*Asks:* 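Would you mind keeping the following structure in view while I ask a few things?
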Amino acid sequence: MIKQVLIDALAKAAQQAHAANALTYETLPEFTVERPANAAFGDFSANLAMVLASAAKRPPRQVAQALLEHLSLPDDLLERVEIAGPGFINLYLKPVWLHEVVQEIHRQGEAYGRSQRGQGKKVLAEFVSANPNGPLSIPHGRGAIIGDVLCSVLAAAGFAVSREFYVNDAATSSQMVRFGESLVVRYLQEFGKEIEFPEDGYHGEYVIDFARRIKARDGDRYLQMPAADRLELFTNMGKDAMIEWQREVLANFGVEFDTWFRESALFKNNEVQKGIDALAERGETYQSEGATWLASTKYGDDKDRPLVRTNGKPTYLASDVAYHRNKFERGFDILIDIWGPDHHGYIARTKASMAALGYDPERVHILIYQVVRLMRNGEFVMGGKRKGDIILLSELIEQVGKDAARFFFLLRSSDSDLNFDLDLAVQESPDNPVYYVQYAHARIASILRTAEEKGVALPEIGEVDLSPLGEEAEISLIRRLAEFPEEIITAAELYEPHRMPRYAQDLAREFHVFYDRCPVLKEGVDPHVRDARLMLVRAAKITLRNVLTLIGVSAPERM
RNA sequence: GCGCCCAUAGCUCAGAGGAUAGAGCAGCUGCCUUCUAAGCAGUUGGUCGCAGGUUCGAUUCCUGCUGGGCGCGCCA
C-alpha cells in the first residue's frame, strides 16, 4: 500500500536526520499520513514534523525542513513536497501511483481490500443471543447486522473469526418455566379446558400457534400426562421450536452462526460450578447474608455481585462467568460481545469477573448498540409489547427486503440511536441510500454490457496504457478506490462496521460523478481513453461489489 | 439518586488531536436526440449545547454544568 511506503520513508528520514544530528528525539512518536480534505494540500499529508516538534525543541516547520533534507522517495513516484500551514508535510505524487492502484484491484479481484492486519488472531463474536421463548425483535436485527458485518470486516482484515449465538436456555430459569407453562395452558385450552392464562405468562399469538401445531401433530396424548413431566416436555419442545424459528429468520437475513452455544450445556457439564469454584480458589468470593458474592469492586465494578442466591441457585452472572471462561479456554484471543443498551450495566461485572479469573479484561470487548425506533409516515411505530402492535424482525425483512434492512441497520454508529424510516427503505429513489449504491453498480454493469454488445474487446489489465486517466473525476474515483483496504482495517480495529455502508455511499458518489463527466463508449471517445476508462470502470465494479458483499447486500447487474 | 449513550446546517446524521467542519434530505436554479435522470452540477444554510482544563493545535481528549434517550433486581 502506498501509504505504508510513505510512512516508512518518513520514519527513515527522521532516523537519518537524527543520526546526522539534525534532529533530536528519544523515540519516534506515532504520526499519521492522510489524504487531506483539500486536494490542494497534495495527495497525502503527514503530521510528523508537528508531533516531533516538542521533542526536537524546534518549531514544526524547521523540523519539517530537516526531515525533507533526509527524505528519499523514488523520482518516478514523487512529484514534489511542500511544507504547509503549521508544519504539515504535503506530498504530491505522480499519477502513476493511481494507475498502479487500478492494476492492483484487477490483479486482486475479490480479494481486493483484504489484508493480514489481524495476523490470524482468533476472535469470537457473540451476538443476538435472544432468549429461546419468543420471536426476534427489531433490536435483535440491529445487533445481528452489527455483529455479522463486524465479523466480515474482521475476517477481511486478517482475523480468524467465529460467530456465536448464546442460547439462554437454562432450564431452571423462571422465564423458561413460565414459557413452558404458557405453552401447556394454550395446549389444554385447545381441548376446551377452562384454565385461566397466567398473568405473567407469554401472551403472544405464536404460543397459541405452536400449541395448535402440537395438537395437530400429537393429538391429545399429553392430556393425561403427569403435570411435572408435561411441563418439562413442553418447555423443551417450545425451546427447540423457538431456536429453530430464530435460526430461520436470521438465515433469511443473511446471518449464519458458526456455533449455537447453549447455557444449559454449561450446567450439564458442571462448568457453572467450576467457574464459581475457580473464583473461590483465587480468593475472589465471600459469603454474606446466605449468598456467595464476587468481589468485583476489586476490579473496577461499583458494587460486589451475587454469584449464588440465598436459595442456592446460581445467578445469571455465574453462568456468564462460566461462559466467558469457556470462550477463553477454547483458545480465542479476543472476545467480542454485542449487547443491547439494557445490558450496559453488565460490562463492568463481566470484565471484572474475567480479571478475577486472571484473564486480561482488555481482551474482552463489549459493544453496546443504542435503541432502534421504527418510523412510518413520519411517526414512531412499535408502541410496545403490551399493546401487541410490535413489529417482528421477520415482518420488517418481509416489508423492506433484506438488502434495505441490512443497509439501514448499519447506517448509524452503534453509539447513536437509530431511526429506521420504513417508507424510505422501500422507496425506489435516490433518497434511498441502498438504491443509490446499488444503482452505481448496475450502471457499471450496463457499461460493460454495452461494450460487449458493441464488440469492444475488454483488454487485459497489463495491456492497457492507463496514462490517459487524469481528469479530476477519474483521479478522485481512483483515490477513493485506493482507500478501501485502509477503511476495512479502520473499521476492524475500531469495531465500527457502520464505516462500510458509508464508504459504499462515498464510492458510489464518486462513480456517479465520473459517469456524468467521463463518457466511456460514446461517440468520439479516443480508443486509448476508452480502454483506460474501461479498466477504471471494472476496478470500480470490483471494489463496489466487494464492499457490498461485506455488508451482505446484493450487487445487481440491472435495475 | 447512580450508570451508559447522545447533543454538529431547518431535518437525519458523518467526522481516530490537525489546515477553510462534511454528506443526504428539505428549499431555490440548471442539465436527458449521447454508456440506465434510481444520475449530475450550482446555490442557500453553522457561536460544533454551555463553562473551564490539557495541547504547538480541541468538534474530537479530561472535568463540571444544561438538555434529551435508555437502563439500574439474589430477573434473564
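Quick note on labels: first sequence line is chain A, next is B, and so on, each numbered from 1. Please read all numbers here as calculations on a predicted model, not as lab measurements.
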*Asks:* Among all residues two or more places apart in sequence or in another chain, which pass the side chain to side chain contact (heavy atoms under 4.5 Å, CB included) test with A:R449?
*Replies:* A:A445, A:S446, A:E453, A:E557, A:R558
*Asks:* Measure from the side chain of A:M559, starting at C-beta and using heavy atoms only, and say which of B:A41, B:A38, B:C35 lies closest.
*Replies:* B:A38
*Asks:* Within the structure, does a side-chain N or O atom of A:Y515 lie under 4.0 Å from either OP1 or OP2 of B:A37?
*Replies:* yes
*Asks:* When you check the phosphate oxygens OP1 and OP2 of B:A37, does a side-chain N or O of A:R443 lie under 4.0 Å from one of them?
*Replies:* yes
*Asks:* Applying ring-ring contact (aromatic ring centres under 6.0 Å, His included) between A:Y166 and each of A:Y316, A:F127, A:Y323, A:W260, report the one that passes.
*Replies:* A:Y323
*Asks:* According to the interplanar angle, ranging from 0 to 90°, do the rings of A:W293 and A:Y286 count as parallel (below 30°), tilted (30 to 60°) or perpendicular (above 60°)?
*Replies:* parallel
*Asks:* Taking only residues two or more places apart in sequence or in another chain, which ones pass side chain to side chain contact (heavy atoms under 4.5 Å, CB included) with A:E493?
*Replies:* A:R117, A:I489
*Asks:* Are any protein N/O atoms closer than 3.5 Å to N/O atoms in nucleotides 25-34 of chain B? If there are, list each pair with its distance.
*Replies:*
residue : atom : partner : partner atom : Å
B:U34   : O2   : A:K522  : NZ           : 3.1

*Asks:* Using a distance-only criterion (donor-acceptor N/O pair, under 3.5 Å, no hydrogens), is the base of B:C74 paired with the side chain of A:T310?
*Replies:* yes
*Asks:* Using Watson-Crick and G-U wobble pairs with both distances under 3.5 Å, what is the 5'-to-3' dot-bracket string of RNA chain B, with [ ] for crossing pairs and | for pairs outside the strand?
*Replies:* (((((((..((((....[...)))).(((((.......))))).....(((((..]....))))))))))))....
*Asks:* When you check the gap from the basic side-chain N to the acidic O, do A:E471 and A:R517 get nearer than 4.0 Å?
*Replies:* no
*Asks:* Considering heavy-atom distances to RNA chain B, does A:L411 or A:V513 have its closest nucleotide positioned more toward the 5' end?
*Replies:* A:L411
*Asks:* Within the structure shown, what part of the strands sits under 4.0 Å from A:I368 by heavy-atom distance: base, sugar-phosphate, or nothing?
*Replies:* nothing
*Asks:* Which atom pairs link the protein and nucleotides 7-9 of chain B when you take only N or O atoms and keep those under 3.5 Å?
*Replies:*
none

*Asks:* With sequence neighbours excluded, tell me which residues meet salt bridge (charged side-chain N to carboxylate O under 4.0 Å, His left out) with A:E181.
*Replies:* none
*Asks:* In plain terms, say whether A:R533 and A:E474 are close enough for a salt bridge, that is, a side-chain N and a carboxylate O under 4.0 Å apart.
*Replies:* yes
*Asks:* Here's a test of your reading of the structure: between A:N311 and A:D302, which maps to the more 5' nucleotide of RNA chain B?
*Replies:* A:D302
*Asks:* Please list, chain by chain and in numerical order, all residues satisfying salt bridge (charged side-chain N to carboxylate O under 4.0 Å, His left out) with A:D526, sequence neighbours excluded.
*Replies:* none
*Asks:* Please list, chain by chain and in numerical order, all residues satisfying salt bridge (charged side-chain N to carboxylate O under 4.0 Å, His left out) with A:R262, sequence neighbours excluded.
*Replies:* A:D169, A:D240
*Asks:* Quick one: side chain to side chain contact (heavy atoms under 4.5 Å, CB included) partners of A:E496, sequence neighbours excluded?
*Replies:* A:L494, A:H498, A:R499
*Asks:* Name all residues meeting the side chain to side chain contact (heavy atoms under 4.5 Å, CB included) criterion together with A:D302; count only those two or more places apart in sequence or in a different chain, and write none if there are none.
*Replies:* A:R305
*Asks:* Check whether any side-chain nitrogen or oxygen of A:R412 sits under 4.0 Å from OP1 or OP2 of B:C6, and answer yes or no.
*Replies:* no
*Asks:* Take nucleotides 62-72 of chain B nucleotide by nucleotide from the 5' end and write B, S or -, depending on whether a protein heavy atom sits under 4.0 Å from the base, only from the sugar-phosphate, or from neither.
*Replies:* -------BSS-
*Asks:* Does OP1 or OP2 of B:C40 have a side-chain N or O of A:Y436 closer than 4.0 Å?
*Replies:* yes
*Asks:* Could you list the protein-to-nucleotides 18-23 of chain B atom pairs, N/O on both sides, closer than 3.5 Å?
*Replies:*
residue : atom : partner : partner atom : Å
B:G18   : N7   : A:N47   : ND2          : 3.4
B:A19   : N6   : A:S45   : OG           : 2.3
B:A19   : N6   : A:N90   : OD1          : 3.0
B:A19   : N1   : A:N90   : OD1          : 3.3
B:A19   : N1   : A:N90   : ND2          : 3.1
B:U20   : O4   : A:N38   : ND2          : 3.3
B:A23   : O2'  : A:R509  : NH2          : 2.8

